[in-house]
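Take a look at the structure set out below.
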Amino acid sequence: MPSYEPWSAARAETIIAAGKDAPGALLPLLHDLQHVFGCIPDAAVPMLAAALNLSRAEIHGVVSFYHDFRSHPPGRHILKLCRAEACQAVGGEAVARHALARLGIDWHGTTPDGAMTVEPVYCLGLCACGPSAMLDEAPLARLDAARVDALVETVR
Amino acid sequence: MKFFLPRDMAAVALGADAVAAALTAEAARRGLAVELVRTGSRGMFWLEPMLEVATQAGRVAYGPLTVADVPGVLDAVATGAAHARALGPVDDIAWLARQTRLTFARCGIVDPLSAEDYAAHGGGRGLDRALALGPAATVAEVTASGLRGRGGAGFPTGIKWKTVADAADAQKYIVANADEGDSGTYADRMLMEGDPFCLIEGMAIAGIAVGATQGYIYSRSEYPFANATMRAAIAAARRAAMLGPDVRGSGIAFELELRVGAGAYVCGEETALLESLEGKRGQVRAKPPLPAHQGLFGRPTVINNVVSLASVPFIMAEGAAVYRDYGMGRSRGTMPIQLAGNLKHAGLFETAFGVTLGELVEDIGGGTMSGRPVRAVQVGGPLGAYFPPSLFDTPFDYEAFAARDGLIGHGGVVVFDDTVDMRHQARFALEFCAAESCGKCTPCRLGAVRGVEVIDRIAAGENRGGNLVLLRDLCETMKFGSLCALGGFTPYPVLSALNHFPDDFQAPALPAAAE
């Protein structure tokens, strides 16, 4: 289970200072920040802009372009369900509908108890054994409704 | 006793880590001295987790295993008794034996992070020969091999290298496009997890050939296993002098760094990838200038797919002619074809170009896993055409697929049975394009959104004839007006669905498609 740190400007400053001099530093820095805080906090944007000599608009433009970067921390667990064609061919859409209905949320939503966030993913490269998913760091293959139910129980 | 069990992400998804833990625990309980090597996958995913045991007659395999099978397998190994999951000698498994594994020769066999294992299985010989031949002869060798871009565009790799080699600039770059976003493809992932030194060697050879001292691998956040293995392999390669300031004692420097994308499909397009590497939005650049002239940070850049670069060590070690002698027409060498979706025997099948789509689906793939008839096969990822069984005689070849309004792309083959709704698949292609469009050009940014709306009107029975004409017209605009392959190729799945499965566009919407 991932655990995130609460926002700390000093911590962010350390992360940014460590990586800002690499060529094309912004994407690696955003990954580092999200790894620590679970999202890209608004307060980090002006700090990145100052460190990289870019405008805040440019930083925001990059953060909002990429699907991975979140504006709010996720739930305690993240379930990424594959929605791409190879998983569709083996019933992935029905499994995803079941998971969302079971959790009572939509894509990108977090359950009210904060246990789980569900995100779509377009291909995990597990296309020979779909429907596939990732629960936090663990890859999952050949999902069906019963296994989704079991997963939901284990994280609650 | 020496065992081999994959650490490949798909094998782990199928339970390999649990089997590994059970094996170690059971061996300890029995007081057996066991060495367990975690390899890449052989690519037979219906047999994963597949355990291999070293014997005097070579490796023998057991699979697919569950934790409960482990004690019985250890008994069978100790006594030579039969076991329900025994697959016999690995080299005799027909599905593997009929392949031509040149690029994936070591994947599933070696310890991916052992430089000694890599060298013992022929690794490094290509790099040594490139250093001995020198840059110009290395470029000539790659050109003579007939190798073309395995990302899908099919551009001759040697010509790309020559352009960069001829460019006069103090700083040049090698970029490996590992942003393998196409559904149904996993060759890059398997190679990076199972034989990462092969990619590193290919990139070092490219660096020497064109005079580039810095390389980047641009991978995906969806591939955490590959990224971890690749990072560890880069460090190990530096220790083994395959990378660093003095590659193999040649005095030539080549450094390598892994960068990870952030979930944007369009960054698999080479110019969007370069923008992303520079820390920007992954927006497509207009060409010219070509990346070979002005690529990463405006410098001459070789940007090749992972499989293209990983094919180079074999070509350099064995010679261009050996590679070129495989294949058909202008498609030379082998292709790691990735069988996916609703198939009994889905997995990675490396073979010479020329195998037909029907052989791949019915014979090698074993038909559908569901047991229902095959209805459509999408080749080449989300931008590839859907082929019906009537086109199963199409040989796997860049030109043959193009002649039938399709593409081989990165070699993904996704099989659907007769429950598929092709209007729904066409809608998905446009919906995906709308979500992933970088926004730079209008045909893609707006066309995809309008395409979804038009298909919804067709589904609702609103002026079907007129809207079908409009949909085709829109596809023409996207195909010829878009800046890159995302907008330009999204019409392939849409038009192939319209052409080969017209009835699906006349039916009322299914409840499943109406989300």
Side-chain angles (χ1 to χ4, degrees), chain A residues 20 22-31 34 40 48 52 54 58-69 80 82-94 96-97 100 119-143, chain B residues 9-10 12-14 43 45-46 48 180-186 188-190 220-226 259-265 276-283 296-297 338-343 346-348 369-370 378 381-382 412 414-417 420 425 428 432 436 438 512 515:
Chain A
K20 75 181 179 63
L26 183 52
L27 233 62
L29 282 179
L30 291 173
H31 278 302
Q34 179 152 302
I40 308 298
L48 286 162
L52 299 174
L54 294 169
E58 284 170 303
I59 304 291
H60 176 74
V62 173
V63 173
S64 59
F65 181 86
Y66 294 97
H67 300 302
D68 279 5
F69 300 125
K80 293 182 180 176
C82 180
R83 299 189 74 189
E85 289 89 340
C87 288
Q88 292 170 13
V90 285
E93 288 178 304
R97 271 198 304 276
L100 293 172
E119 295 180 346
V121 63
Y122 292 91
C123 199
L124 293 161
L126 309 176
C127 319
C129 46
S132 41
M134 293 273 291
L135 179 62
D136 301 325
E137 297 301 309
L140 306 166
R142 296 196 187 123
L143 277 188
Chain B
M9 182 164 152
V12 170
L14 290 162
F45 292 107
W46 72 100
E48 294 286 6
E180 183 174 51
D182 287 357
S183 177
T185 68
Y186 45 82
D188 299 353
R189 180 186 66 68
M190 274 182 65
R220 321 174 60 218
S221 60
E222 294 87 344
Y223 282 1
F225 284 48
R259 290 286 176 94
V260 179
Y265 174 76
S276 184
L277 261 182
E278 292 182 6
K280 301 173 190 161
R281 296 162 68 89
Q283 281 202 310
L296 186 61
F297 302 114
Q338 301 128 77
L339 303 176
N342 195 338
L343 268 185
L348 182 126
M369 191 170 57
S370 60
Q378 189 178 30
V414 178
V415 176
F416 293 79
D417 71 14
V420 68
Q425 297 310 118
F428 176 80
F432 183 70
E436 298 299 326
C438 81
E515 56 190 296

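To find a chain, count down the sequence lines: A is the first, B the second, and so on, and within it residues start at 1. Being a predicted model, the structure only gives us computed values, none of them experimental.
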So, do L124(A) and R189(B) sit near enough that their side-chain heavy atoms are less than 4.5 Å apart?
no
Is Q378(B) in contact with chain A via its backbone, its side chain, both, or neither, using a 4.5 Å heavy-atom distance?
side chain
Pick whichever of R220(B), E48(B), E180(B) has the most heavy-atom pairs under 4.5 Å with chain A.
R220(B)
Most contact-rich option vs chain A, by heavy-atom pairs under 4.5 angstrom, among S276(B), G282(B), G181(B), C438(B), is G282(B)
Under 6.0 Å between ring centres, would you say that holds for F432(B) and Y122(A)?
yes
So which part of F428(B) gets closer than 4.5 Å to some heavy atom of chain A, the side chain, the backbone, both or neither?
side chain
For the interface with chain B, which of I59(A), L26(A), L52(A) has the highest count of heavy-atom pairs at distances below 4.5 Å?
L26(A)
I want to check something: taking the side chain as every heavy atom from C-beta on, are M9(B) and M134(A) in contact at a cut-off of under 4.5 Å?
yes
With sequence neighbours excluded, tell me which residues meet salt bridge (Lys or Arg N to Asp or Glu O under 4.0 Å) with E58(A).
none
Please classify the contact of L343(B) with chain A as side chain, backbone, both or neither, using a heavy-atom distance under 4.5 Å.
neither
Ignoring hydrogens, what is the shortest heavy-atom contact between N342(B) and V90(A)? Give both atom names and the distance.
CA-CG1, 3.7 Å
L14(B) to R142(A) - nearest heavy-atom pair and separation
CD2-NH1, 3.4 Å
Ring pair (Phe, Tyr, Trp, His ring centres under 6.0 Å) against F225(B), all qualifying residues, sequence neighbours excluded:
none
What closest approach, in Å, do G263(B) and H67(A) show between heavy atoms, and which atom pair accounts for it?
O-CD2, 2.8 Å
Pick from P224(B), A262(B), S221(B), S370(B): which one has the most heavy-atom pairs with chain A under 4.5 Å?
A262(B)
Residue from L54(A), D68(A), L27(A), V121(A) scoring the most non-hydrogen pairs under 4.5 Å with chain B is D68(A)
Determine the minimum heavy-atom distance between G125(A) and Y186(B), stating which atoms define it.
O-CB, 3.2 Å
Of all heavy-atom pairs between C127(A) and A340(B), which one has the smallest distance, and what is that distance?
O-CB, 3.3 Å
Under 3.5 Å, is there a donor-acceptor pair between the side chain of S183(B) and the main chain of C123(A)?
no
Contacting region of P28(A) [heavy-atom separation from chain B under 4.5 Å]:
side chain
Taking the side chain as everything from C-beta on, heavy atoms only, tell me whether Q283(B) gets closer than 4.5 Å to F65(A).
yes
Which of the residues G347(B), G279(B), G261(B), A264(B) is involved in the greatest number of heavy-atom pairs with chain A at under 4.5 angstrom?
G279(B)
At their closest point, which heavy atom of S64(A) faces which heavy atom of R281(B), and how far apart are they?
OG-NH1, 4.1 Å
Is it the side chain or the backbone of Q425(B) that comes within 4.5 Å of chain A heavy atoms, both, or neither?
side chain
Under 4.5 Å to a heavy atom of chain A? For M369(B) that would be side chain
Who wins among D417(B), D182(B), V260(B), L348(B) for the most heavy-atom pairs under 4.5 Å with chain A?
V260(B)
